[in-house]
Amino acid sequence: MSERTIRSYVARGRVSRAQRRNIEQLLPKYLAGDDDIAGAEALEIGFGNGDALLAAARAQPERRFIGVEMHTSGLGQAAGLLERDGIGNVRLLRENAAELMQRWPPGALDEIRIWFPDPWPKRRHHKRRLVKCEFLQRCSRALKPGGLLYLASDHSDYAHAMLIAGNHCGGLANANPSGGFAPRFPGRPVTRFEQRGLNKGHRVYDLCYRRV
């Protein structure tokens with residue numbers, strides 16, 4: 001099966017009344033159009049509730065961000081926060097990231113950020129993992145020369161699989177000269193999802209690749 005036909009996500013999570021209202025009333029205002037995609041500088045894939053995405057947008061109001069998320073609750077939460085805080089440099093998309101990166105304008109982005117993608121821990125589900133060589137090649141094409149791809153996971157097996165895939169993916173070079181994991185990206189806040197992992201004693205693995 002092509003990676004485009006395999007879903008790396010499942011519909012889950014309760015959608016609150018407020019989030020549903022945000023989807024109906026606010027999300028259309030913040031949905032990314034073709035011009036937004038062409039002009040975006042940074043992309044976050046799977047932004048969850050938007051904690052890291054909105055923190056980056058607040059810290060760098062001059063940059064144009066796009067966040068991709070499939071879960072309705074996350075889209076509703078992010079749209080509500082964008083409206084509440086008057087953040088104008090973020091646009092949102094509900095789309096399968098594997099298909100989206102297939103058609104993203106080449107050489108357009110300064111950064112792609114993927115924080116804590118679903119690890120699909122059972123071996124029979126590994127085919128559903130998003131971060132594999134084919135997907136990384138699509139990310140590479142979407143980056144400008146010198147552009148950066150940031151990854152993080154608190155699942156050891158998946159983190160090492162991402163490291164192997166990234167180190168052997170044409171068009172990307174590991175920003176760590178040793179070819180290993182990277183220091184924590186300073187612009188990544190500790191989200192609620194990450195904190196839950198830390199509370200369980202999980203180690204967080206960071207990776208950074210540069211488009212060559």
Side-chain angles (χ1 to χ4, degrees), residues 3-33 36-37 40 42-58 65-85 87 89-104 109 111-122 125-132 135-136 138-139 142 149-155 158-159 162 188-200 202 204:
E3 188 173 294
R4 295 184 66 193
T5 67
I6 298 177
R7 286 174 49 173
S8 62
Y9 60 90
V10 292
R12 62 174 181 265
R14 173 181 172 273
V15 181
S16 70
R17 187 173 301 175
Q19 290 167 348
R20 183 74 63 187
R21 184 171 61 250
N22 291 343
I23 289 291
E24 295 171 356
Q25 298 179 5
L26 298 178
L27 184 60
K29 175 180 176 179
Y30 294 105
L31 283 177
D36 297 307
I37 291 174
L43 170 69
E44 183 175 334
I45 293 173
F47 62 76
N49 285 333
D51 294 343
L53 175 64
L54 271 65
R58 293 186 190 101
F65 292 84
I66 287 185
V68 180
E69 180 56 62
M70 286 301 300
H71 295 118
T72 305
S73 58
L75 289 161
Q77 182 79 6
L81 293 173
L82 290 172
E83 183 73 8
R84 185 196 71 183
D85 295 348
I87 298 173
N89 59 326
V90 175
R91 291 295 179 267
L92 308 175
L93 279 173
R94 185 181 192 274
E95 192 161 348
N96 185 336
E99 296 181 2
L100 176 66
M101 298 315 296
Q102 180 80 358
R103 59 180 179 81
W104 198 277
L109 290 165
E111 291 180 4
I112 298 174
R113 304 172 180 185
I114 308 175
W115 308 134
F116 304 96
D118 195 325
W120 292 100
K122 295 181 180 179
H125 293 154
H126 284 186
K127 64 185 178 182
R128 295 190 178 276
R129 289 177 169 176
L130 177 66
V131 182
K132 293 180 286 190
F135 178 73
L136 291 176
R138 296 174 192 171
C139 291
L149 168 64
Y150 294 103
L151 304 158
S153 177
D154 66 340
H155 189 278
Y158 193 16
M162 292 194 296
R188 178 168 63 79
V190 177
T191 65
R192 284 168 285 179
F193 181 90
E194 180 179 357
Q195 190 61 56
R196 285 200 298 268
L198 293 173
N199 292 342
K200 295 176 182 178
H202 295 181
V204 175

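Computed from heavy atoms alone, side chains included, the values below leave out hydrogens, waters and symmetry copies.
The heavy-atom pair separating R91 from A32 by the smallest distance is CB-CB, 3.7 Å. P121 and H126 make their closest contact through O-NE2, 3.3 Å (heavy atoms, listed as atom of the first residue, atom of the second, distance). The minimum heavy-atom distance linking V131 with P117 is given by the pair CG2-CG, 4.2 Å. Closest heavy-atom contact between A152 and W115: CB-CE3, 3.7 Å.
Between V15 and H71, the closest side-chain pair of non-hydrogen atoms is not below 4.5 Å. Annotation: side chain of R94 is not in contact with side chain of E69 (no heavy-atom distance under 4.5 Å). Considering only heavy atoms from C-beta on, L130 comes within 4.5 Å of Y158 through its side chain. Taking the side chain as every heavy atom from C-beta outward, R113 and R188 never approach each other to under 4.5 Å. The shortest side-chain heavy-atom distance between N22 and L27 does not fall under the 4.5 Å cut-off. Using a 4.5 Å cut-off on side-chain heavy atoms (C-beta onward), F193 and N49 make no contact.
In this pair, W120 and H125 present their aromatic rings perpendicular. The plane angle is above 60°, beyond the 30 to 60° band.
Taken to the nearest 0.5 Å, the CG atom of L54 stands 4.5 Å off from the CG atom of L82. In this structure, L151 CG and F116 CZ are separated by 11.0 Å, a value rounded to the nearest 0.5 Å. Atoms CZ and CG, from R84 and L26 in turn, are 12.5 Å apart once rounded to the nearest 0.5 Å.
For the side-chain contact (heavy atoms from CB on, under 4.5 Å) criterion with L93, the lone passing option out of D36, L75, I45, L100 is L100. Across Q102, M101, R129, a single residue satisfies side-chain contact (heavy atoms from CB on, under 4.5 Å) together with F135, and that is M101.
At least one donor-acceptor pair under 3.5 Å links the side chain of N89 to the backbone N or O of A57.
Surrounding CZ of R58 are more than 12 heavy atoms belonging to other residues, nucleotides or ligands, all under 6.0 Å away.
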